Structures are given as structure tokens and as C-alpha cells.
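Working notes for the structure below.
Every value quoted in this text rests on a predicted model; they were computed, and no experiment measured them. The basis for the numbers below is simple: all heavy atoms, side chains too, and nothing from hydrogens, waters or symmetry mates. Every chain is numbered from 1, with letters handed out A, B, ... down the list of sequences.
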Number of protein chains: 2
Amino acid sequence: MADKREHILTVAEELFGEKGFDGTSVRDIALKAGVNLAMISYYFGSKEKLLESLIELRAGYAYGILEELNKDQSLSPWDKINRLVEFYVDRVLNNLPFHNIMYREATNVRSDEIRDRLISIKMRNLEQITKIITDGQQKKLFREVDIAMTVGTLMGTISSYTQSRPYACQILALGYDVSEETYRTKLAPRLKAHLKQLLRAHLDIKNEE
Amino acid sequence: MADKREHILTVAEELFGEKGFDGTSVRDIALKAGVNLAMISYYFGSKEKLLESLIELRAGYAYGILEELNKDQSLSPWDKINRLVEFYVDRVLNNLPFHNIMYREATNVRSDEIRDRLISIKMRNLEQITKIITDGQQKKLFREVDIAMTVGTLMGTISSYTQSRPYACQILALGYDVSEETYRTKLAPRLKAHLKQLLRAHLDIKNEE
DNA sequence: GTTTAATTCAAACGTTTGTTTAATTTTGTG
DNA sequence: CACAAAATTAAACAAACGTTTGAATTAAAC
């Protein structure tokens with residue numbers, strides 16, 4: 001085991017994502033990670049600080065790519081929107097546990113520190129997306145829209161199908177207990193196609209009323 | 001106290017919505033409800049069955065109105081979509097705790113019974129919305145869209161601003177700790193306006209590509 | 001090879017958890 | 001009023017919780 005600390009974090013991430021922070025005991029984590037119970041206090045100090053460490057580890061998981069996307073002068077605003085959709089769908093589906101933690105525990109996390117950290121991550125991403133949209137507006141490609149709400153639509157649509165997998169499987173007419181792999185490969189293209197079509201119509205200045 | 005049983009359910013709803021099912025102890029509930037600890041087992045049998053009772057109580061909270069909306073022959077599909085938006089935004093904002101339970105606990109509820117119940121509620125609502133959209137398509141007003149994904153967009157957009165109130169306040173540039181009342185009165189019209197504009201562009205057959 | 005520090009461990013700590021008990025009080029009925 | 005059923009209570013239950021302890025083991029440094 002190369003880095004035991006990170007291994008514990010990964011296991012905790014899976015369990016928190018699946019059963020929630022309060023629904024997961026440190027004994028669950030120790031057992032699944034194959035380490036002694038006391039190691040969690042040894043490495044992280046407490047269960048809550050373990051969560052903080054996890055968030056710190058994954059915090060920048062979107063920002064870098066968004067910034068790059070923004071700087072790319074060769075892409076039209078429409079290209080950027082489509083890449084944004086691709087990027088977010090893939091990003092969420094490839095980091096399902098952490099995404100679920102972000103969007104499930106964000107509200108009721110006890111520590112102000114963690115909550116503010118999560119909010120600031122979201123705000124930073126919102127800024128980048130805002131830049132893309134205002135750029136499209138200045139180039140007279142996009143119409144006036146409520147940008148913050150539009151970002152809520154993007155993230156909310158994805159979340160509505162990732163937060164409850166049994167429901168998603170039902171909707172998508174997949175088998176009742178389908179593998180993680182086929183779940184993602186079925187969901188991703190459908191989410192992408194829908195969001196591209198949706199944002200295309202929503203943003204297009206030709207659809208101005 | 002007229003109906004103590006229902007009072008306990010209401011208090012539990014608030015706490016579950018705020019701190020999650022696992023984050024709420026039966027002692028928390030008893031204390032806030034002003035009843036003896038043992039009354040919860042006396043009335044409901046267990047904490048888990050209390051949650052089941054709560055879901056049973058609020059289960060039909062959307063279906064009836066949706067069905068009515070569908071039957072109303074005097075409304076055009078566009079009217080129905082707008083009413084649908086109005087209805088859902090109001091419904092969610094007026095039942096925030098239960099909505100949060102539905103969309104937060106749905107994934108990780110241990111009991112298959114509860115999970116299947118929640119899924120069947122969602123599926124029933126999806127059916128009604130599907131009817132509205134297919135009706136609009138038959139009347140050559142709406143274009144071809146992914147209906148299940150569109151419903152996900154509707155619910156997901158709302159949820160993204162109700163699941164994390166501190167974040168929503170930040171985005172909406174409200175004060176840091178604004179009252180429940182002003183939070184709702186600021187959020188509701190903005191959500192409605194955005195969703196109407198969004199669905200208008202998304203569904204309009206004139207925006208077919 | 002010895003010494004020091006870092007790691008791992010089984011066991012126990014004191015709380016809190018959901019639930020049950022058994023006695024008591026309140027309520028409704030004849 | 002008398003009696004049975006329902007409701008309420010304080011106290012206790014065992015189990016699970018997050019965390020700490022102190023000894024044992026491993027690794028690193030000199």
C-alpha cells in the first residue's frame with residue numbers, strides 16, 4: 001500500500017457518497033480500508049477533519065480545466081458551451097462519490113469552515129461559466145439569460161440523475177441493478193445530448209422573444 | 001395539542017430536512033416536539049417507520065394537482081407548461097423540508113420499501129408531465145425532446161437552489177443569513193422566470209434545428 | 001547496532017444511539 | 001364512581017458511536 005492516508009480517503013469518499021457522512025461510521029471506513037480503527041484518528045484527528053481533508057484533496061477538481069477552456073481563443077462560445085457540457089457530465093460521472101458528497105452534505109455540514117469552502121469552490125466555477133456566457137452575449141450569439149440560474153440548470157440536471165441511481169435506472173429503462181459501468185455509459189451520452197440541445201435553444205439569440 | 005402524532009411528524013420532517021435522517025436522533029425529535037422520548041416508539045414503532053409514516057403522509061403531495069392540470073381542456077400546452085413551472089416551484093418552496101428529504105435521503109435509504117415508494121411517486125409525476133409534453137408535440141407546438149431529461153432539468157434546477165440555502169443566498173446576493181420568508185420570496189420569481197424562458201425555448205417547435 | 005521517531009494494534013474510554021420496560025397518569029365508557 | 005383502555009413517564013437496556021490509551025512493532029537516523 002503506497003499511501004495509506006490517501007487510501008483511507010478514497011474508501012471514506014466511497015462510503016460517504018453511498019451512505020452519507022452521518023450514515024458512515026469510522027469503523028466502516030477502517031474495516032473497508034483494511035486498517036486499524038485508531039489509524040483514522042492518527043492520520044486525520046477526527047472523522048470531521050477526515051471530511052475536510054477529503055474536500056481539500058478534491059477541491060480543485062474542476063477549476064483548472066474551466067480556466068483553460070476560457071482562455072482558449074480558438075473556440076467559439078458555442079464550442080465552449082458544448083465542451084462545458086461534455087466536461088461537466090464526464091467530470092461528475094467519473095467522480096460520483098465526491099459529487100454526491102458535495103451536493104448532499106453541503107447543506108448540513110456542521111463546520112462553517114467546510115461549508116464556506118464548498119461554497120467558494122462553487123462560486124469560482126460559476127465565475128468561469130459566467131465569463132463564457134457573457135463572452136457569447138458580447139459577440140451577439142447568446143441572448144440575455146439568468147446566468148446563475150442557467151448554471152443551476154446545468155448542474156441540477158446532472159445531479160437529478162446521479163443522486164438517485166435506482167431512480168435513474170428506472171427512468172432510463174435499464175435493468176434494476178445494472179453495473180456502475182453500464183449505468184455511466186448509458187447515462188452520459190443522453191445527458192450530454194439533452195444539455196447541448198437545451199442550452200443551444202436557451203442561449204441562442206435567434207430565440208429571443 | 002390537537003394531533004400529537006402529526007405534530008411529531010412535522011417536527012421530524014423539519015429536523016430530517018435540516019440535518020438529515022442519520023443526523024437526527026429520536027431524542028432531538030422528542031425534545032423539539034416537547035414529547036417524551038418513548039412516545040416515538042409508541043406511535044411509530046421505530047425511527048425508520050417514522051420516516052415511512054412521514055413519506056406516506058406527504059406522498060400524494062403533487063400528483064392530484066398534476067392530474068387536474070392534465071385534464072383541463074381549456075389550457076393550451078404552453079399554458080400547462082407555465083402552470084407546471086409555477087406549481088412545482090411553489091410546491092417545493094412551500095414544502096422545503098420534505099423536498100430535501102425526498103432528494104437527499106432517496107439514494108441512501110436503507111429500506112427497499114421506502115426507496116421503491118419514493119421512486120414510484122416520482123414515476124407517477126413523470127407520467128403526468130410526459131402527457132403534457134406529448135400532447136404539445138401532437139399539436140405540433142413542441143419539438144422532439146428527451147422528456148425524462150427535461151423533467152430532470154425542471155426538478156434539478158429547483159433542487160440546485162433549495163438543497164443548499166447558504167449557496168443560494170450567496171448567488172442571489174442576499175444577506176448571509178436571510179429569513180426563510182425573504183429567501184423564498186426572492187428565489188421563487190427568479191426560478192419561475194428562468195424555467196419558463198428555458199422551457200419555452202427548449203420545447204418550441206420553431207427552434208427545431 | 002543502538003537509539004529515536006513513526007506507525008500499528010487491541011483494548012478500553014465515556015457518550016450517544018434506538019428501543020424497551022414497568023409503573024403511573026389520563027381518558028373514555030357503562 | 002368504577003373499570004378498562006389508552007397515553008405518558010422516568011429509568012434502564014444493550015449496542016454502536018467517535019476517540020484515546022499505552023504497549024508493541026516497524027522504520028529511519030546516526
Side-chain angles (χ1 to χ4, degrees), chain A residues 1-57 97 101 104-105 107-115, chain B residues 1-57 97 101 104-105 108-115 117:
Chain A
M1 201 169 302
D3 190 351
K4 190 170 278 192
R5 209 187 105 100
E6 198 166 318
H7 175 63
I8 293 172
L9 282 175
T10 306
V11 167
E13 184 178 35
E14 288 169 18
L15 288 171
F16 289 163
E18 186 188 337
K19 311 198 293 173
F21 180 77
D22 289 315
T24 304
S25 73
V26 294
R27 281 174 180 80
D28 290 337
I29 300 168
L31 187 71
K32 185 166 181 180
V35 302
N36 188 277
L37 174 62
M39 292 281 85
I40 279 142
S41 292
Y42 179 74
Y43 278 122
F44 304 100
S46 69
K47 185 186 173 187
E48 184 124 348
K49 281 182 184 158
L50 187 158
L51 178 58
E52 287 184 43
S53 299
L54 175 61
I55 290 170
E56 214 49 49
L57 180 69
I101 295 168
R104 184 143 34 79
E105 311 291 342
T107 340
N108 51 325
V109 143
R110 287 134 290 273
S111 130
D112 287 355
E113 207 180 323
I114 297 184
R115 210 199 42 212
Chain B
M1 201 170 300
D3 189 352
K4 190 171 277 192
R5 208 186 105 100
E6 199 165 316
H7 174 64
I8 294 173
L9 282 176
T10 306
V11 168
E13 184 178 35
E14 288 168 19
L15 289 171
F16 289 162
E18 186 187 337
K19 312 198 292 172
F21 180 77
D22 288 316
T24 304
S25 74
V26 294
R27 280 173 181 79
D28 291 337
I29 300 168
L31 188 71
K32 184 165 182 181
V35 302
N36 187 277
L37 174 63
M39 295 313 290
I40 279 142
S41 291
Y42 179 74
Y43 277 122
F44 305 99
S46 72
K47 184 186 174 188
E48 183 124 347
K49 280 182 186 159
L50 187 157
L51 176 59
E52 287 184 43
S53 297
L54 175 61
I55 289 170
E56 213 50 49
L57 180 69
I101 295 168
R104 184 145 33 80
E105 310 291 343
N108 53 325
V109 142
R110 286 133 291 270
S111 129
D112 288 355
E113 206 180 323
I114 295 183
R115 209 198 44 212
R117 185 92 178 86

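Secondary structure note: stems in DNA chain D built from 3 or more consecutive Watson-Crick or G-U wobble pairs under 3.5 Å occupy C:1-30 with D:1-30.
Taking 4.0 Å as the cut-off between side-chain N and carboxylate O, A:D28 and A:K19 count as a salt-bridged pair. We find that B:R117 and B:E56 are joined by a salt bridge, their nearest charged nitrogen and carboxylate oxygen being less than 4.0 Å apart.
No donor-acceptor distance shorter than 3.5 angstrom exists from the side chain of A:K32 to the backbone of A:R27, with no hydrogens or angles considered. Panel note: side chain B:T24, backbone B:L15; a donor-acceptor pair is recorded below 3.5 Å.
The two atoms that bring B:Y43 and B:K4 nearest to each other are OH-CB, 4.0 Å, heavy atoms only.
Of all nucleotides in DNA chain C, those with any atom nearer than 4.0 Å to a heavy atom of chain A start and finish, going 5' to 3', at C:dA6 to C:dA12.
Distance A:K4 NZ to D:dA27 P: 10 Å, rounded to the nearest Å. Protein atom CG of A:N36 is 12 Å distant from nucleotide atom C1' of D:dA24, rounded to whole Å. One interatomic measurement links the two molecules: CD1 of B:I40 to C1' of D:dT9, which rounds to 14 Å at whole-angstrom precision. Counting to the nearest Å, the P atom of D:dT20 and the OH atom of A:Y43 are 17 Å from each other. The nearest whole Å value for the distance from the NE2 atom in B:H7 to the P atom in D:dT8 is 12 Å.
In this structure, B:L37 reaches the bases: a heavy-atom distance under 4.0 Å links it to at least one base atom across the strands shown. The residue B:S25 sits close only to the backbone: its heavy atoms come under 4.0 Å of sugar-phosphate atoms, none of a base.
Two residues, B:M39 and A:T24, neighbour DNA chain D, and the one matched to the more 5' nucleotide by heavy-atom proximity is B:M39. When each of A:R27 and B:D28 is assigned the nucleotide of DNA chain C with its nearest heavy atom, A:R27 is the one assigned upstream, toward the 5' end.
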Checklist entry - Which is it for B:K47 and B:I40 under the side-chain contact (heavy atoms from CB on, under 4.5 Å) test, yes or no, and what are the steps along the way? => result CA-CA 7 Å; B:K47 184 186 174 188; B:I40 279 142; 5.7 Å; no

Checklist entry - Does the side-chain contact (heavy atoms from CB on, under 4.5 Å) test come out yes or no for B:F16 and B:V11, once each step is laid out? => result CA-CA 9 Å; B:F16 289 162; B:V11 168; over 6 Å; no

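Rounded to the nearest 0.5 angstrom, B:S41 OG and B:K49 NZ are separated by 10.0 Å.
B:L51 places a side-chain heavy atom less than 4.5 Å from the side chain of B:I101.
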